[in-house]
Amino acid sequence: MGFPDQRFDVNLSILFTELPLLERPAAAAAAGFTAVELWWPWTGTPTPPRAELDALKKALDDAGTRLVGLNFYAGRLPGPDRGALSLPGPESDRFRANVEVAAEFAASAGCTALNALYGNRVDGADPAAQDELALENLVLAARAADRIGAVLLIEALNAPESPRYPLVSAPAAIEVVDRVNAATGLGNARFLLDLYHLSMNGEDLSGVIAAYAATTGHVQIADNPGRGAPGTGSLPLERLLDELTAAGYDGWVGLEYKPGDRPSAEAFDWLPPSARAAGLPSYTR
């Protein structure tokens with residue numbers, strides 16, 4: 001048990017960002033990884049030109065990396081936004097315009113997990129109306145994901161860093177997962193269990209794992225404090241990942257941490273090179 005027994009992927013929206021987007025898959029491969037994930041790379045548009053989509057697909061293929069996680073359009077991320085799907089008006093429309101584009105790209109890249117960030121509360125908007133809009137858009141996203149054989153991920157963030165985001169606990173995210181599955185009957189909405197965010201909320205991480213491992217479709221890690229690489233903070237990440245494995249989780253573990261004041265290629269010294277190339281997990285849906 002331990003880190004070498006996990007299937008890790010590198011989040012190319014927080015690591016290797018010192019490089020242009022199209023150079024990041026090759027950099028991850030040079031560091032020994034075979035799987036990557038991304039936030040929506042085109043923050044300014046939900047519908048980038050086909051040439052840009054094709055260029056990213058080619059970069060992934062040329063590097064020999066598989067895309068295993070992709071966010072739907074989420075506004076300015078990194079930045080002030082935390083998703084678009086619950087925001088009345090143009091941003092919700094942009095999310096809807098993105099749904100089929102993101103699903104089609106994910107299918108072309110063999111990606112079977114699509115993350116839909118909920119979005120912040122909006123001044124002057126009724127929270128109940130935002131939740132109703134969110135459910136409508138999440139149902140659209142779940143159906144699009146189902147058509148390509150993918151899961152829809154619902155993520156809890158942390159209150160200190162995202163104070164206007166309503167899903168700042170594991171139970172809050174699970175409630176939305178259940179609501180989407182009840183509305184669609186598809187059962188493909190899953191929990192994105194991010195150990196960093198949950199630790200920032202002060203949650204009982206072992207308790208969350210025991211309660212929700214069976215509902216988890218993807219895991220992300222960073223140490224706390226600092227959101228750095230494992231070993232830079234105080235979280236017992238190796239033990240917690242062992243608990244996830246023991247609870248039956250057999251999916252990807254995304255490395256979603258900051259490299260610190262060093263090049264990203266030097267931020268993996270905690271993980272032996274022999275443990276970086278990952279086979280495909282048996283768990284998808």
Side-chain angles (χ1 to χ4, degrees), residues 3-17 19-42 48 50-74 98-116 141 144-153 155 188 190 192-194 216-222 241 244-245 249-257 259 264-265 267-268 271-285:
F3 287 140
D5 297 308
Q6 306 298 327
R7 294 182 175 90
F8 291 109
D9 71 85
V10 177
N11 188 305
L12 297 181
S13 296
I14 194 168
L15 286 156
F16 295 109
T17 58
L19 300 173
L21 174 65
L22 298 184
E23 296 179 18
R24 296 176 203 171
F33 294 93
T34 55
V36 299
E37 62 183 61
L38 280 163
W39 303 339
W40 184 247
W42 300 277
R50 168 59 61 181
E52 294 187 23
L53 293 160
D54 290 344
L56 179 54
K57 172 67 164 53
K58 184 177 187 298
L60 292 164
D61 290 344
D62 289 350
T65 52
R66 177 181 170 184
L67 184 67
V68 299
L70 177 67
N71 281 18
F72 286 107
Y73 171 78
N98 175 249
V99 166
E100 292 298 337
V101 175
E104 180 183 342
F105 181 77
S108 75
C111 175
T112 57
L114 287 157
N115 184 27
D146 182 68
R147 286 193 289 273
I148 67 165
V151 296
L152 173 71
L153 299 172
E155 182 175 9
N188 71 327
R190 297 280 176 170
L192 196 166
L193 194 161
D194 186 308
T216 296
H218 192 69
V219 170
Q220 291 173 335
I221 64 169
L241 292 179
L244 271 159
T245 299
Y249 180 73
D250 188 28
W252 295 102
V253 177
L255 305 181
E256 196 185 54
Y257 59 77
S264 295
F268 305 106
L271 184 65
S274 60
R276 298 177 189 178
L280 299 182
S282 59
Y283 173 80
T284 55
R285 290 286 295 274

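- To the nearest 0.5 Å, atom CD of residue Glu104 and atom CZ of residue Arg147 are 11.5 Å apart.
- Remark: Leu193 CG to Leu153 CG distance equals 11.0 Å, nearest 0.5 Å.
- Side-chain atoms of Asp9 do not come within 3.5 Å of backbone N or O of Leu67 as any donor-acceptor pair.
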What do the steps show when you test Thr245 against Gln6 for side-chain hydrogen bond (donor to acceptor under 3.5 Å, both in side chains), and what is the final call? CA-CA 8 Å; Thr245 299; Gln6 306 298 327; 3.3 Å; yes
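- Taking each heavy atom of Tyr257 and Phe268 in turn, the nearest pair found is OH-CD2, 3.0 Å.
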Steps toward side-chain contact (heavy atoms from CB on, under 4.5 Å) verdict (Val219, Trp252): CA-CA 6 Å; Val219 170; Trp252 295 102; over 6 Å; no
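- Applying the side-chain hydrogen bond (donor to acceptor under 3.5 Å, both in side chains) rule to Thr65 yields no partners; only residues at least two apart in sequence or on another chain are considered.
- Between the Thr34 side chain and the Ala278 main chain, a donor and an acceptor come within less than 3.5 Å of each other.
- No more than 12 heavy atoms of other residues, nucleotides or ligands shown are found within 6.0 angstrom of NZ on Lys58.
- Put simply, the side chain of Ser264 gets close to the backbone of Phe16: a donor and an acceptor are under 3.5 Å apart.
- Residue Leu271 comes nearest to Arg276 through the heavy atom pair O-NH2, 2.8 Å, listed as atom of the first residue, atom of the second, then distance.
- Looking at Asp5 and Leu241, their side chains never come closer than 4.5 Å, going by heavy atoms from C-beta outward.
- For the pairing with Phe72, the side chain to side chain contact (heavy atoms under 4.5 Å, CB included) check across Val101, Asn115, Leu152 returns one residue only, Leu152.
- A distance of 9.0 Å separates NE2 of His218 from CD of Glu155, quoted to the nearest 0.5 Å.
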Carefully, step by step, assess Glu23 and Leu12 under the rule side-chain contact (heavy atoms from CB on, under 4.5 Å). CA-CA 10 Å; Glu23 296 179 18; Leu12 297 181; over 6 Å; no
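- Proximity of Leu255 to Ile221: side-chain heavy atoms (C-beta onward) are separated by under 4.5 Å at one or more points.
- Between the side chain of Arg190 and the backbone N or O of Val151 there is no donor-acceptor pair closer than 3.5 Å.
- Considering every non-hydrogen atom in both Asn188 and Ala145, the closest pair reads ND2-CB, 3.8 Å.
- In this structure, Glu52 and Leu22 have side chains that are not in contact, with every pair of non-hydrogen atoms separated by 4.5 Å or more.
- For the pair Arg24 and Leu15, the tightest heavy-atom approach, listed with the atom from each and the gap, is CD-O, 4.3 Å.
- When all heavy atoms of Ala63 and Ala29 are compared, the pair lying nearest together is O-CB, 3.4 Å.
- Just one residue in the list Ile14, Val68, Val10, Leu21 forms a side chain to side chain contact (heavy atoms under 4.5 Å, CB included) with Leu38, and that residue is Leu21.
- Of all heavy-atom pairs spanning Ala106 and Ile148, the tightest one is CB-CD1, 3.9 Å.
- Ion pairing between a basic and an acidic side chain is recognised when a charged N comes within 4.0 Å of a carboxylate O; Asp250 and Arg7 show such pairing.
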